[in-house]
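Each ligand, and each atom within it, is numbered from 1 in the order the structure gives. Please read these numbers as outputs of a predicted model, since none were measured by experiment.
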Amino acid sequence: MLKYRRTILQASAGLLIAGPMLAQRHVLAQTPECTDNPTPRQIEGPYYTPQTPRRSNLTDGLPGEILLLEGRVLSTTCQPIPNAIVDLWSCDAKGEYDNAGFKLRGHQITDAQGRFRFETLMPGSYGNSSFRRTPHLHVKVQGPGTPLLTTQLYFPDQPLNQRDGFFSPALLVKWTRNQSQAVFDFVLPVQAKG
Ligand SMILES: [Fe+2]
């Protein structure tokens, strides 16, 4: 897991230096919820690509419905975790992953309040008639001094949610204004020093 942070941080080294200047000014639409339960883990799946670009807009001009995802990375004591990596990837509206490049892939580093914000596309479903994945986002999250969290996020009211064995209500995003703006707060345990 430390190797993961080191690889991502090396890719972002130049931008990290400019981090304070690039601090996100966006104000969250809702007060984030806090819980002492860490966000549940889920499988990575077969389509992760390492060393993603650091960026907030992942859409690359692809067709589909714009999806804004924002939130915070918090500790189990409800403290914001700055400088956490949030690495997001998903399929396109047709259910296809870009496994050759970085379309719909990228990472953010949380600001002083632990915030992140992505602009991506609403993912489609994929699979076949016997096994079909409900729309979901894949994500890896790691803060300084936290374990690496690999998980997936889901969307309310998707007909396939109840038929997807990976679906978890604990990983549902919340719509903030309409079905294009979603919020999710990740909660990570902070490892004791020494
Ligand atoms: Fe997937």
Undergrad: Can you tell me if K140 has over 12 outside heavy atoms packed within less than 6.0 Å of its NZ?
TA: yes
Undergrad: If you leave out waters, which protein N, O or S atoms are less than 2.8 Å from the Fe ion (ligand 1)?
TA: Y97 OH, Y126 OH, H136 NE2, H138 NE2
Undergrad: Does the T120 side chain pair with the main chain of L67, one donor and one acceptor, at a distance under 3.5 Å?
TA: no
Undergrad: Run the salt-bridge test on R133 and D164 with the 4.0 Å N-O cut-off and return the result as yes or no.
TA: yes
Undergrad: Begin with the C-alpha distance, continue with both residues' side-chain angles, and end with the deciding distance and a verdict on ring-ring contact (aromatic ring centres under 6.0 Å, His included) for Y154 and F166.
TA: CA-CA 10 Å; Y154 299 91; F166 292 109; 8.5 Å; no
Undergrad: Please check if the distance between the ring centroids of W89 and F102 is under 6.0 Å.
TA: no
Undergrad: Using the ring of each side chain (for Trp, its six-membered ring), is F118 parallel, tilted or perpendicular to F116, with breaks at 30° and 60°?
TA: tilted
